[in-house]
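Taking it in order: structure first as structure tokens, then the write-up.
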Amino acid sequence: MWHLVCGDVAAAGVTRVIGVDVAARALRVLRDDLAVGPLVDVETPPCTLRAQFWRDVWPSTVTPRPDFGIGLCADADWLAALKRQDRPVTLWHGDSCSEQLLLARVAAALEGSDLPFWEVPCGTGDSSVETRRAVGMIDPAGLGAYFLPKQVDVGRKALLASQWRSALAGNADVRRWQKGDFRGEDHRKVDAILLGACTSDWQPLARVMTELMGQSDGFFATDFFAFWRARELAAQGRLELGGTAGQDGYGGLTVRLI
């Protein structure tokens, strides 16, 4: 039995539930945040566009820098071979758009296969900021209460696979998971929140980024994603960044409208 999770924080909690020994041989962590960036070549190594997106997002001052190309290709190859294995698959997911996209991606990878496919729902079903719950948000000590696997039937698998193909075809800048489906958009709404939080006076960039992270219904806007959008807006001449970056890439920076 494979156990699949999205991200290292979720992996830590699931490891506590299934045990270190089982996790060592059966837990697979997929780290790509599928909610943002181009998906058109995410299934096609060398995943050039997807890898370049993450190189752009990653702050230049933060080291070590992951080798995004190797990681993305490894995930694509592993998923492509999944249906040829003889191990059932269990995917843990919550209300994170990235987790839901991973669920759809695995369903597509298993389409046409009789391999048993199970899901462990850990969310609320609502991806709004006030109510959503990702696997990694649950106290590891209490995560075991959610370990009630449900088999994904043929109809649900087909629906999820169709949603994944639509997400690939749409190739949007941002995807939001709302009411059980995915909606793609460009960066305008995200950028408007960042710009709306700025004034002509200098203020900590982290404060402005927090506004975006706290208003992003439908997907989790991470700090690196918010910082990247701030850099892009600065490059467009719509914001000005000042100060000196800290080890996280943005601590110590300030921002104002131009």
Side-chain angles (χ1 to χ4, degrees), residues 6-10 12 31-39 49-69 71-72 94-99 101 127-137 171-178 183-258:
C6 184
D8 293 302
V9 176
R31 298 178 174 85
D32 192 359
D33 182 356
L34 299 167
V36 295
L39 288 180
L49 293 176
R50 185 82 183 148
Q52 186 58 53
F53 165 74
W54 284 118
R55 293 187 193 103
D56 293 341
V57 169
W58 194 268
S60 60
T61 58
V62 176
T63 57
R65 175 182 289 262
D67 191 323
F68 295 107
L72 290 167
D95 303 316
S96 159
C97 182
S98 188
E99 289 174 331
L101 281 164
S127 64
S128 60
V129 172
E130 296 81 4
T131 61
R132 66 189 178 194
R133 182 172 61 228
V135 176
M137 295 170 63
N171 200 38
D173 296 319
V174 175
R175 285 159 289 278
R176 299 177 190 262
W177 182 66
Q178 295 173 313
R183 178 172 58 82
E185 61 188 51
D186 57 27
H187 291 123
R188 282 179 291 183
K189 185 173 182 179
V190 165
D191 291 350
I193 295 174
L194 286 172
L195 291 167
C198 293
T199 69
S200 58
D201 296 324
W202 289 106
Q203 62 177 307
L205 175 59
R207 181 186 300 163
V208 172
M209 289 165 51
T210 297
E211 287 297 315
L212 172 59
M213 295 162 70
Q215 294 185 45
S216 295
D217 289 333
F219 83 109
F220 285 80
T222 65
D223 56 348
F224 280 9
F225 175 78
F227 181 32
W228 172 64
R229 290 315 304 162
R231 299 197 308 272
E232 291 292 294
L233 289 169
Q236 295 168 18
R238 303 172 74 184
L239 294 177
E240 183 178 3
L241 299 176
T244 302
Q247 290 185 340
D248 59 4
Y250 56 84
L253 294 182
T254 53
V255 63
R256 67 178 178 183
L257 291 175
I258 295 178

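Residues: numbered from 1 along the sequence shown.
Proximity of a side-chain donor or acceptor of Asn171 to a complementary backbone N or O of Leu39 within less than 3.5 Å is detected. A distance-only check finds a donor-acceptor pair linking the side chain of Ser127 to the backbone of Trp177 [under 3.5 Å]. Between the side chain of Arg231 and the backbone N or O of Asp56, at least one donor-acceptor pair lies under 3.5 Å. Listed for the Arg175 side chain is no donor-acceptor partner under 3.5 Å among the backbone atoms of Gly218. When atom types are taken as modelled, the side chain of Arg65 and the backbone of Arg55 share a donor-acceptor pair closer than 3.5 angstrom. Between the side chain of Arg50 and the backbone N or O of Pro38, at least one donor-acceptor pair lies under 3.5 Å. Distance alone, capped at 3.5 Å, places no donor-acceptor pair between the Glu99 side chain and the Cys6 backbone.
Residues Asp201 and Arg256 approach most closely at O-CB, 3.6 Å, considering heavy atoms. When all heavy atoms of Leu212 and Ile193 are compared, the pair lying nearest together is CA-CG2, 3.7 Å. Leu34 and Ser98 make their closest contact through N-OG, 3.1 Å (heavy atoms, listed as atom of the first residue, atom of the second, distance). Looking at every heavy atom in both residues, Ala172 comes nearest to Gly184 through CB-CA, 3.6 Å. Nearest heavy-atom pair, Ala10 versus Val135, reported as atom, atom and distance to 0.1 Å: CB-CG1, 3.7 Å.
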One pair to check against side chain to side chain contact (heavy atoms under 4.5 Å, CB included): Thr254 and Gln203. What are the steps and the verdict? CA-CA 5 Å; Thr254 53; Gln203 62 177 307; over 6 Å; no
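Side-chain contact between Glu240 and Trp202: present, with at least one pair of heavy atoms (C-beta onward) separated by less than 4.5 Å. Within the 4.5 Å cutoff, the side chain of Trp54 has heavy atoms near those of the Asp33 side chain.
Between the CG atom of Leu72 and the CD atom of Gln52 there is a distance of 11.5 Å, given to the nearest 0.5 Å. The line from CG of Leu241 to CG of Leu253 is 6.5 Å long, rounded to the nearest 0.5 Å.
Between Phe53 and Trp228, a ring centre-to-centre spacing shorter than 6.0 Å is recorded.
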For a quick test of your reading: what N or O donor-acceptor pairs under 3.5 Å do the side chains of residues 204-211 make, sequence neighbours left out?
unit_1 : atom_1 : unit_2 : atom_2 : d
Thr210 : OG1    : Ala206 : O      : 2.8
Glu211 : OE1    : Gln215 : NE2    : 3.1

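Under the salt bridge (Lys or Arg N to Asp or Glu O under 4.0 Å) criterion, Arg176 pairs with Glu185, sequence neighbours left out. A search for ring pair (Phe, Tyr, Trp, His ring centres under 6.0 Å) contacts involving Phe220 returns nothing, not counting sequence neighbours.
Using bins of under 30°, 30° to 60° and over 60° for the plane-to-plane angle, the ring pair His187/Phe225 lands in the tilted bin.
When each of Asp95, Val174, Leu101 is tested with Phe219 by the rule side chain to side chain contact (heavy atoms under 4.5 Å, CB included), just one qualifies, namely Val174.
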